[in-house]
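In what follows, a single structure is set out as structure tokens and then discussed.
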Amino acid sequence: MQQDAPFHGLWRNARLATMRPGEGNALGIVEHGAVAMRDGRIVFAGPEAALPSAEAAEVVDCGGRWITPGLIDCHTHLVHGGHRAAEFEQRLAGASYEEIARAGGGILGTVRATRAAGEDGLIATALPRLDALIAEGVTMVEVKSGYGLTLDAERAQLRAARALEGARSVSVRTSFLGAHAVPPEYRGDAEGYVSLLCEEMLPALHAEGLVDAVDAFAETIAFTPAQVARLFRAARALGLPVKLHADQLSDGGGAALAAQWGALSADHLEHANEAGVAAMARAGTVAVLLPGAFYMLRESVAPLVALMRQHGVPMAVATDCNPGTSPMTSILLAMNMAATLFRLTVEECLLGTTREAARALGRLDEVGTLEAGKWCDLAIWNVETPAELVYRLGFNPLHRRVRRGQ
Ligand code: NIG
Ligand code: FE
């Protein structure tokens, strides 16, 4: 700690949920805390009494409010064209998600709308959704492609995702999800489409700096484990981390497949089996739980949360914001649903949208906890206890959001 230079910012008279492990309680709580910032980074987060100096260009008295790390939504399909309200009505009337998909609706309906929207149109419709997340203290959001399914249309989606970071004060991490569905041009030739993904689309989009990670949808209505493995091999050759939509609708061995490839995360996991969970624990693969999709599809089989806990699988929680299975733009509601529907504890929900969400994006070194050296991304809350963030439905107690010290 440099004693001489004043801080650029100081948030004092606060209660901190640092999310640091090993502080004696799950949330790393510090009463009478302060956070000091220089050049957008945290230089101190701890008891105010231990502050090396109180000299700062800007001092904010938090009035005893709670500070958490800025929230992280680590699984979204935020950038897409159109909506699927009519499909929602069809499902309410009894049609299943798989039936609609096999009939050329579902994801492919959004593919048509996304291709028609163009990059500017995609940015324009994504911004209000992003603003809803930001209003709840989100400072980092993952955004997937996967509704273009041609080189040009996937590029437009990923460029739109990158543009969001310039349009708002938020960090965006992109995932290339070209393996989301077999596009109409390749109907009956999934192998041919996977070749296109591996040989042309992924290398080109990676070369353009548009891809932070590679994702795929392993499912009977999407891609087989062997096809996913081909894609992951191509990702590995480019040095890109992978993640997987795994075992959402059926047990396809997705959890074990993700673990085998050292995936950052395996997501959904409603139908994952115990061997898969154990493999994830060994590989350090994060389970990203998406209760919004579970709720919207009125699923009855929940992920094996107790086993994940027992095996020590890190658990994250995200909105899965997408027009089909989770048209949800509330990370606070996602936490509430993870608790009520999946039986996560309040602490697991809060860690799941901060530290473990950062881990799921491979960004734990720079965000996710209140720790010296990380970006000064903060959410300051009008709550008496952090549990209120999980407990309420449809109420937003955010007081202020800070990203990179601003
Ligand atoms: O995360 N599972 C696959 N992908 C999305 C849904 C996509 C859609 O229906 O448009 C999901 O649930
Ligand atoms: Fe998803």
Parallel, tilted or perpendicular for F232 and W261, by the 30°/60° rule?
perpendicular

Under a 4.5 Å cut-off applied to non-hydrogen side-chain atoms, are W66 and E388 in contact?
no

Under a plain distance cut-off of 3.5 Å, with no hydrogens placed, do H77 and D320 share a side-chain donor-acceptor pair?
yes

Between E185 and R187, is the closest basic N to carboxylate O distance under 4.0 Å?
no

Tell me if a side-chain donor or acceptor on K243 pairs with a main-chain N or O of A360 at a distance below 3.5 Å.
yes

Could you report the tightest heavy-atom contact between T174 and D212, atom names first, then the distance?
N-OD2, 2.9 Å

Take M201 and F176 through the test side-chain contact (heavy atoms from CB on, under 4.5 Å) and record every step on the way to the result.
CA-CA 10 Å; M201 289 168 68; F176 173 61; 4.1 Å; yes

Find out whether V182 and D189 are in side-chain contact, i.e. whether some heavy atom of one side chain is under 4.5 Å from a heavy atom of the other.
no

Look only at the side chain of E270 and the backbone of E299, and say whether a donor-acceptor pair between them is shorter than 3.5 Å.
no

How long is the straight-line distance from OG1 of T369 back to CG of L16, given to the nearest 0.5 Å?
11.5 Å

Below 4.0 angstrom, N of the basic side chain to O of the carboxylate: do D377 and R404 qualify?
no

Between the side chains of R15 and E31, is the shortest nitrogen-to-carboxylate-oxygen separation below 4.0 Å, so that they form an ion pair?
yes

Can you tell me if E98 has over 12 outside heavy atoms packed within less than 6.0 Å of its CD?
yes

Decide if atom CZ of R159 counts as having more than 12 heavy atoms of other residues, nucleotides or ligands within a radius under 6.0 Å.
no

Assess, by modelled atom type and distance only, whether the side chains of S195 and R230 contain a donor and an acceptor separated by less than 3.5 Å.
yes

Salt bridge between E371 and K374, side-chain N to carboxylate O under 4.0 Å?
yes

Assess the side chains of N336 and R392: does a donor N or O sit below 3.5 Å from an acceptor N or O?
no

Are R129 and D73 ion-paired here, with the side-chain N under 4.0 Å from a carboxylate O?
no

State whether a side-chain donor-acceptor pair under 3.5 Å links D267 with S265.
yes

How many angstroms lie between CZ in R162 and CG in L210, if you round to the nearest 0.5 Å?
6.0 Å

Value rounded to 0.5 Å, distance of CG in L27 from OG1 in T18:
8.5 Å

Kindly determine whether L231 and F223 satisfy side-chain contact (heavy atoms from CB on, under 4.5 Å), including the steps that lead there.
CA-CA 10 Å; L231 178 70; F223 295 90; over 6 Å; no

Any side-chain heavy atom of L398 sitting closer than 4.5 Å to one from I380?
no

Whether the R401 and T139 side chains hold a donor-acceptor pair (N or O, under 3.5 Å, no angle test) is what I'd like checked.
no

Within the side chain of E154, is there an N or O that forms a donor-acceptor pair under 3.5 Å with the backbone of G148?
yes

Taking side chain as C-beta onward, heavy atoms only, is W11 less than 4.5 Å from V402?
yes

Taking T354 for its side chain and L350 for its backbone only, find out whether a donor-acceptor pair lies under 3.5 Å.
yes

Ignoring hydrogens, what is the shortest heavy-atom contact between V30 and G46? Give both atom names and the distance.
CG1-C, 3.6 Å

Locate the shortest heavy-atom distance separating G368 from A358; write the atom from each residue and the value.
CA-CB, 3.9 Å

Between CD of E136 and OG1 of T319, what distance do you get to the nearest 0.5 Å?
9.5 Å

Decide side-chain contact (heavy atoms from CB on, under 4.5 Å) for L71 and L332; before the verdict, give the C-alpha distance in whole Å, the side-chain angles of both, and the deciding distance to 0.1 Å.
CA-CA 9 Å; L71 301 185; L332 295 176; 4.3 Å; yes

Main chain of R41, side chain of D39: is a donor-acceptor contact present, judged purely on distance under 3.5 Å?
no

Quick one about E142 and S175 (side-chain donor to acceptor, distance below 3.5 Å, no hydrogens or angles considered), yes or no?
yes

Please check this pair: side chain of E99 against backbone of S96, looking for a donor-acceptor N/O pair closer than 3.5 Å.
yes

For the residue pair A190 and Q227, what are the closest heavy atoms and their distance?
CB-NE2, 3.6 Å

For V228 and A216 the tightest heavy-atom approach is CG2-CB, 4.2 Å

What residues, two or more places apart in sequence or in another chain, satisfy side chain to side chain donor-acceptor pair (under 3.5 Å) together with T353?
none

Could you measure the distance from the OG1 atom of T110 to the CZ atom of R84? Nearest 0.5 Å is fine.
3.5 Å

Report yes if the side chains of H32 and P47 come closer than 4.5 Å at any heavy-atom pair, otherwise no.
no

Answer whether the closest heavy-atom distance between the side chains of P386 and V346 falls below 4.5 Å.
no

Rounded to the nearest 0.5 Å, how far does CD1 of I72 lie from OG of S171?
8.5 Å

No-hydrogen, no-angle side-chain donor-acceptor test under 3.5 Å, E274 and H311
yes

Report the C-alpha distance between V313 and T285 in whole Å, list the side-chain angles of each, state the deciding distance to 0.1 Å, and finish with yes or no for side-chain contact (heavy atoms from CB on, under 4.5 Å).
CA-CA 7 Å; V313 175; T285 297; over 6 Å; no

Do D247 and S250 have side-chain N/O donor and acceptor atoms under 3.5 Å apart?
no

Check whether more than 12 heavy atoms from other residues, nucleotides or ligands sit under 6.0 Å from atom CD of Q406, and answer yes or no.
no

Any side-chain heavy atom of L333 sitting closer than 4.5 Å to one from L393?
yes

Between R91 and E87, is the closest basic N to carboxylate O distance under 4.0 Å?
yes

Any side-chain heavy-atom pair of E348 and L289 under 4.5 Å:
no

Any side-chain donor-acceptor pair under 3.5 Å between H245 and H75?
yes

Report yes or no: does E165 contribute a side-chain atom to a donor-acceptor pair with the main-chain N or O of V172 at less than 3.5 Å?
yes

Go through the steps for F7 and F44 under the test ring pair (Phe, Tyr, Trp, His ring centres under 6.0 Å), then give the verdict.
CA-CA 10 Å; F7 302 127; F44 175 88; 7.6 Å; no

Taking K144 first and then D215, would you say they form a salt bridge - that is, a charged N and a carboxylate O separated by under 4.0 Å?
yes

Please find the pair of heavy atoms, one from L151 and one from A204, that lie closest to each other, and give the distance.
CD1-CB, 4.0 Å

Just by distance, no angles: are the side chains of Q248 and E219 close enough, under 3.5 Å, to form a donor-acceptor pair?
no

